[in-house]
Amino acid sequence: MCSVFLTLPPILIPPFQRVFNVGKYRRQAAAGACAADFFDANNAAASNLRQQAASMALEDLLHWIDDFATTDGETSMRKDRIAIFDATNSTKERRDWVLKECTCNIKRAGKPTGVVFVESICDDKELLHTNLMTKVNNSPDYKGMDPEEAMADLMKRVQKYEDQYETIDDDSLSYIKIFNLSSKVLVNHIYGRMAKSIVPALMAWNIGTRPIFVCRAGQTTSEFDRLHVNSRMARSESLGSNGKAFRNALFGFMKEECLDFMRRRKEVFAPAMNTGTSISGLMNTFTKDAECKGEDWSDGDYVGTDGTTPLPFPCHIMTSTMPRARQTVNWDHYPYQVEMLSNLNPLDKGDFMGMELEEIAQRDPEWYEHLVADPFLTRFPGGECYGDLTSRLESIVVDMEQQVGPVLVVSHVSVIQALVSYFRNSKIEECTGIEIPLNTVLKFTPAKGGGWQETSHRLLPSPCPSEVNLSEVDICSSSGNSESNIYALSPEYRVEKERKSFAAKLSPPIWGDHLKIDPAFAPLRRHNSLDGRNPPKSDRQQSVI
């Protein structure tokens, strides 16, 4: 199966990429689902209809990618777009047609377009069965159909494709071949961003189910003293009492979640946790503790970085280099290997480092107006903007995606906003308004048919009593246990709600975990702008945003 990638944007920018699924066009042209015989190469009428659908999809694709942007009265073609031509493209004739339509010197004069074919080759029977079941359960072609009948029809369709399938063997083309969902990858004429970002992403994506947990670092100390002496927060601050309580609650939560994952992973398709012989393909050795006696852990025994201490659960842990983030996973007696990555550090405010919003507004009101107007692309003097932040998170996303076991990321509001936008597949430029509450873990699990299911887990009461109450707003379904409230929210509902909220008001980014005050009052007061710190008693009735 092949697809076409055109131009190369950052991985974390969904608005600048679009999938053009030929199957959707085919169902529209054929007025509904099509049986296996429709894909027979000897069926002339069906072949013409399939080609018509492909032509319509490719025409729309090229029209979208040629979309022109107007800036300061000048018109220029966008160069940051990627289009995915989602079709089988399983014959040399079809691929030659796609290449010609995209690169024809006459039709495409002045519109240079890069084309890369991606061929997925799979001969792993278990993996094939899982993929076929996903197709049967989620494709509109089989909606309302008996599963066994749908599988039989799909197998007939696959055979029709196999009868005319031709692998890519023209080394003058740019192509990527993926074997058994990235266990082996072959690339040809792949350079630049393709080599740096797209290939690692293709190698990372897998269909195994595994949870990814994301949370803010715990609260720090000395807020009371800082307010009274008007000092600024130091990056080297350690966890305070609230932060330590969250750290302990996080350990109990992760243990319960990860052990549950290990027990249930046998019920679903899950890639082996030990893959290959390289050190990066091996999980830590897992030793069963007293609570796990009798469990059959087929992936071995896990021990800590000291080589001897048994670990109660397997988990890949990543944090920023901020002490408070590392200390949030500093669980006594359990030497987990923790990756401390500067890529996970909060947004760099450059010359304004340590300053709060109201101070910045007073010092440089003109720049502050730019920040309010465009919080995503306004760069802090000598620092970063959110656009820069998303670029440095590409490798983090690849690392998270490629794991086959549980993942925990402990970082800060600005970073988590971008990551949440990625998992929700929402507009990245609107991530600055995503609320990331304290003492809360966001859990992302692969959903059937693609995408991620999101749940929010409040481990401790908020330090601000009026902080957003997830039990009262935006709840589509809910469940809970004795230790934490768990709320399952519809990603589509949350994305739409946040888009409406974002469009309804212009406000600076929530990079400092600022406390919500009267929107008519501006600029913000310093003591209402706390970055993960313990708020004074007089301010604890205000909401953290």
Side-chain angles (χ1 to χ4, degrees), residues 1-9 11 16-26 28-29 39 41 44 46-68 76-122 157-158 160-179 182 184-203 205:
M1 181 178 293
C2 303
S3 298
V4 181
F5 288 76
L6 309 174
T7 78
L8 309 168
I11 291 177
F16 301 141
Q17 68 178 10
R18 181 180 293 184
V19 178
F20 294 82
N21 179 265
V22 175
K24 182 181 296 185
Y25 287 80
R26 181 253 303 162
Q28 292 175 350
F39 302 91
S47 296
N48 291 334
L49 195 59
R50 293 201 310 272
Q51 181 59 42
Q52 179 184 347
S55 298
M56 293 172 59
L58 191 57
E59 181 180 350
D60 286 349
L61 180 152
L62 293 174
H63 177 75
W64 177 79
I65 211 165
D66 291 341
D67 184 27
F68 286 83
S76 61
M77 189 174 70
R78 297 184 184 275
K79 297 181 180 180
D80 55 359
R81 291 196 159 190
I82 180 171
I84 302 175
F85 188 60
D86 184 10
T88 53
N89 303 322
S90 54
T91 66
K92 183 179 184 300
E93 180 182 4
R94 168 62 71 84
R95 293 190 293 270
D96 288 344
W97 169 76
V98 170
L99 187 64
K100 180 180 178 181
E101 291 296 311
C102 293
T103 61
C104 177
N105 291 331
I106 299 176
K107 292 183 179 181
R108 306 287 299 160
K111 303 174 182 179
T113 304
V115 178
V116 174
F117 293 96
V118 180
E119 180 177 3
S120 179
I121 301 172
C122 184
R157 182 193 299 192
V158 170
K160 301 294 184 185
Y161 281 127
E162 288 182 353
D163 291 342
Q164 52 184 320
Y165 168 71
E166 297 172 308
T167 189
I168 299 177
D169 56 9
D170 183 355
D171 286 347
S172 68
L173 301 176
S174 291
Y175 63 79
I176 303 171
K177 289 189 179 186
I178 305 174
F179 298 83
S182 79
K184 182 171 66 174
V185 177
L186 173 66
V187 299
N188 187 71
H189 287 310
I190 302 297
Y191 311 104
R193 177 172 288 280
M194 273 303 236
K196 187 181 79 170
S197 299
I198 304 301
V199 171
L202 289 172
M203 294 176 66
W205 291 327

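We use all heavy atoms of the structure for the numbers below, so side chains are in, but hydrogens, waters and symmetry mates are not. Heads up: numbering here begins at 1 and tracks the sequence.
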**Request:** With sequence neighbours excluded, tell me which residues meet ring pair (Phe, Tyr, Trp, His ring centres under 6.0 Å) with Y25.
**Result:**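 None.
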**Item:** Residues that F179 engages under ring pair (Phe, Tyr, Trp, His ring centres under 6.0 Å), provided they are two or more places apart
**Value:** none
**Message:** Using the salt bridge (Lys or Arg N to Asp or Glu O under 4.0 Å) criterion, which residues pair with D96? Sequence neighbours excluded.
**Reply:** K92
**Fill in**
Applying salt bridge (Lys or Arg N to Asp or Glu O under 4.0 Å) to K107 and not counting sequence neighbours gives E101
Within-4.5 Å side-chain heavy-atom neighbours: [X] and [Y]:
{"X": "I190", "Y": "S174", "answer": "yes"}
{"X": "F20", "Y": "L58", "answer": "no"}
{"X": "W97", "Y": "S55", "answer": "yes"}
{"X": "N188", "Y": "L186", "answer": "no"}

**Asked** Who are the side chain to side chain donor-acceptor pair (under 3.5 Å) partners of N105, not counting sequence neighbours?
**Response** none
**Request:** Locate the shortest heavy-atom distance separating S47 from A41; write the atom from each residue and the value.
**Result:** OG-O, 3.6 Å
**Asked** Which salt bridge (charged side-chain N to carboxylate O under 4.0 Å, His left out) pairs, counting each pair once, include a residue from residues 48-60, with sequence neighbours left out?
**Response** none
**Request:** Could you tell me whether a side-chain N or O of H189 sits under 3.5 Å from a main-chain N or O of D171, the two making a donor and an acceptor?
**Result:**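 At least one qualifying donor-acceptor pair exists.
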**Asked** Is the CD atom of Q51 crowded by more than 12 outside heavy atoms at less than 6.0 Å?
**Response**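 Result for CD/Q51: enclosed.
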